[in-house]
K.L.:
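Please read through the structure below; I'll follow up with questions.
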Amino acid sequence: MAANSRSIRYSLVIPVFNEEAVLPVLLRRLDQVMFRLDGPAEAIFVDDGSSDSSSIVLRALAARDSRFRYIGLSRNFGHQIAITAGMDAAQGDAIIVMDADLQDPPEVIEQLIARWKEGNDIVHARRLSREGESRFKRATAHLFYRLLGRMSSVGIPADVGDFRLIDRKVLEALRQMPEQDRFVRGMIAWLGFRQAEVAFHRLERAAGETKYPLFKMVRLAVSAALGFSDLPLRLAIWCGLTVSGLALLYGSWVVLLWLGKDSHLVTGWSSTIVVVSLLCGINMLMTGIVGLYVGRIHAEVKRRPLYVVQARIGFDRDETAATPAIHAVNE
């Protein structure tokens with residue numbers, strides 16, 4: 001089933017970070033799914049700086065099987081950047097993004113393709129359940145999607161991760177969005193196009209440990225909120241106005257007590273310290289929110305490439321060695 005870039009119909013983009021335990025099962029199931037597809041397919045594995053044997057396995061696979069490609073990034077750039085690197089290299093008419101941990105079942109790919117053939121440009125895989133995850137993670141994920149839906153200026157589907165299919169023209173439009181702090185699922189939703197969903201039950205990890213601990217989830221949530229909503233800035237304005245109004249009312253009340261020579265007017269430090277501490281805390285909070293936006297602006301104006309490619313195997317069958325390269329998203 002060898003295929004060149006002009007004949008590829010389906011491109012599977014799979015970011016990988018220390019997944020040696022799950023790769024044997026993943027590759028077997030991918031091989032079965034790709035065999036059943038109605039056109040030539042490629043699977044692009046993006047090694048996001050793995051420190052285990054994942055790169056060894058994937059390099060060898062890409063060297064011997066023309067359906068598989070390998071992109072090795074020079075370090076760990078993060079899940080969203082790894083997805084971007086894989087999509088930049090994809091040659092298919094339809095591009096499917098999925099995780100390597102088998103929580104996204106490869107068999108669902110055929111359902112995504114079926115909806116794509118109906119004329120949909122984007123097909124999301126929506127989770128009906130999340131097996132193997134703690135109650136806390138399920139609750140926070142539910143809260144995240146609901147809050148993001150209310151905050152965002154675009155409709156981002158709830159309970160949908162990065163597991164989806166996009167048409168070639170959607171990918172070309174996505175490549176024109178070179179921002180550094182990437183929230184790919186939000187960027188795709190922002191593009192519009194005709195969209196559909198396929199529901200599936202998200203499974204427990206087949207092996208290994210999660211690569212999305214709490215701090216990474218929080219970071220992704222912050223990136224999504226700042227990238228697709230100005231609500232934090234508007235909230236800062238309203239908080240400032242509210243505190244200023246309360247301070248004005250309190251000051252007016254103190255003046256009235258002073259004019260009436262009220263004996264209960266105590267000249268102490270406690271109330272002053274409480275008010276000053278409250279105002280300082282709110283000021284620091286608002287400054288921090290503005291600082292996050294300024295930090296994103298600083299990252300954008302530096303115009304660094306999104307990622308650095310250390311090795312590419314399988315894209316040119318005449319190559320026997322990988323060549324280091326630097327790629328920006330708009331190349």
K.L.:
Among residues at least two apart in sequence or on other chains, which ones pass salt bridge (Lys or Arg N to Asp or Glu O under 4.0 Å) with R36?
P.N.:
E110
K.L.:
What distance separates I166 CD1 from I95 CD1, expressed to the nearest 0.5 Å?
P.N.:
5.0 Å
K.L.:
Between R69 (side chain only) and F315 (backbone N and O only), is there a donor and an acceptor less than 3.5 Å apart?
P.N.:
no
K.L.:
Between W190 and M177, is there a side-chain heavy-atom distance shorter than 4.5 Å?
P.N.:
yes
K.L.:
Working to the nearest 0.5 Å, report the span between CD1 of I44 and CG of L58.
P.N.:
13.0 Å
K.L.:
Within the side chain of R29, is there an N or O that forms a donor-acceptor pair under 3.5 Å with the backbone of E107?
P.N.:
no
K.L.:
Rounded at 0.5 Å granularity, tell me how far OG1 in T84 sits from NE2 in H79.
P.N.:
10.0 Å
K.L.:
Closer than 3.5 angstrom, by distance alone: can the side chain of N76 be matched with the main-chain N or O of G49 as a donor-acceptor pair?
P.N.:
no
K.L.:
Compare all side-chain heavy atoms of I109 with those of M98 and state whether any distance is below 4.5 angstrom.
P.N.:
yes
K.L.:
Over all heavy atoms of both residues, which pair between P40 and S7 is shortest? Give the atoms and the distance, please.
P.N.:
CG-O, 3.4 Å
K.L.:
Hydrophobic cluster membership, with links at side-chain heavy-atom distances under 4.5 Å among I/L/V/M/F/W/Y: are I56 and I313 in one?
P.N.:
no
K.L.:
Starting at CD of E197, measure out to CZ of R164 and round the result to the nearest 0.5 Å.
P.N.:
10.0 Å
K.L.:
So, for I14 and A100, which heavy atoms are closest and what is the spacing to 0.1 Å?
P.N.:
CG2-CB, 3.7 Å
K.L.:
Looking at every non-hydrogen atom in both residues, tell me the closest pair between A85 and V46 and how far apart they are.
P.N.:
CB-CG1, 4.2 Å
K.L.:
So, do D88 and R175 sit near enough that their side-chain heavy atoms are less than 4.5 Å apart?
P.N.:
yes
K.L.:
Mind running salt bridge (charged side-chain N to carboxylate O under 4.0 Å, His left out) on R59 and D47 for me, showing each step along the way?
P.N.:
CA-CA 10 Å; R59 281 171 177 266; D47 178 13; over 6 Å; no
K.L.:
Is M187 close to L191 at the side-chain level, that is, under 4.5 Å between some pair of heavy atoms?
P.N.:
no
K.L.:
Measure the shortest side-chain to side-chain distance between F77 and V308 over non-hydrogen atoms and say whether it is less than 4.5 angstrom.
P.N.:
yes
K.L.:
Show the nearest heavy-atom pair for residues G192 and I122, with the distance to one decimal.
P.N.:
O-CD1, 3.5 Å
K.L.:
Measure the acute angle between the ring planes of F45 and F68, then classify it against the limits of 30° and 60° as parallel, tilted or perpendicular.
P.N.:
parallel
K.L.:
Quickly, which of L102, V16, D99 forms a side-chain contact (heavy atoms from CB on, under 4.5 Å) with L26? Name it, please.
P.N.:
L102
K.L.:
Given V198 and F163, is the side-chain contact (heavy atoms from CB on, under 4.5 Å) satisfied, shown in steps?
P.N.:
CA-CA 10 Å; V198 167; F163 189 20; over 6 Å; no
K.L.:
Salt-bridged, E118 to R115, with N to O below 4.0 Å?
P.N.:
yes
K.L.:
Starting at CG of D48, measure out to CZ of R75 and round the result to the nearest 0.5 Å.
P.N.:
9.0 Å
K.L.:
Can you give me the closest heavy-atom contact between Q195 and I188, atom names plus distance?
P.N.:
NE2-O, 4.3 Å
K.L.:
Just wondering, do L165 and I113 contact through their side chains at under 4.5 Å, heavy atoms?
P.N.:
yes
K.L.:
Measure the CD1-CG distance between I96 and L37 for me, rounded to the nearest 0.5 Å.
P.N.:
7.5 Å
K.L.:
Between D162 and Q80, is there a side-chain donor-acceptor contact under 3.5 Å, judged purely by atom types and distance?
P.N.:
yes
K.L.:
Any donor-acceptor pair under 3.5 Å linking the side chain of E42 with the backbone of Q91?
P.N.:
yes
K.L.:
Determine whether F200 and L112 make a side-chain contact, defined as any pair of heavy atoms from C-beta on separated by less than 4.5 Å.
P.N.:
no
K.L.:
Of the non-hydrogen atoms in M87 and V97, which two are nearest, and what is the gap between them?
P.N.:
SD-CG2, 4.0 Å
K.L.:
Say whether, by atom type as modelled, one donor and one acceptor occur between the side chain of D121 and the main chain of D167 under 3.5 angstrom.
P.N.:
no
K.L.:
Between S54 and E20, do the side chains contain a donor N or O and an acceptor N or O under 3.5 Å apart?
P.N.:
no
K.L.:
Are any non-hydrogen side-chain atoms of F193 and N120 less than 4.5 angstrom apart?
P.N.:
no
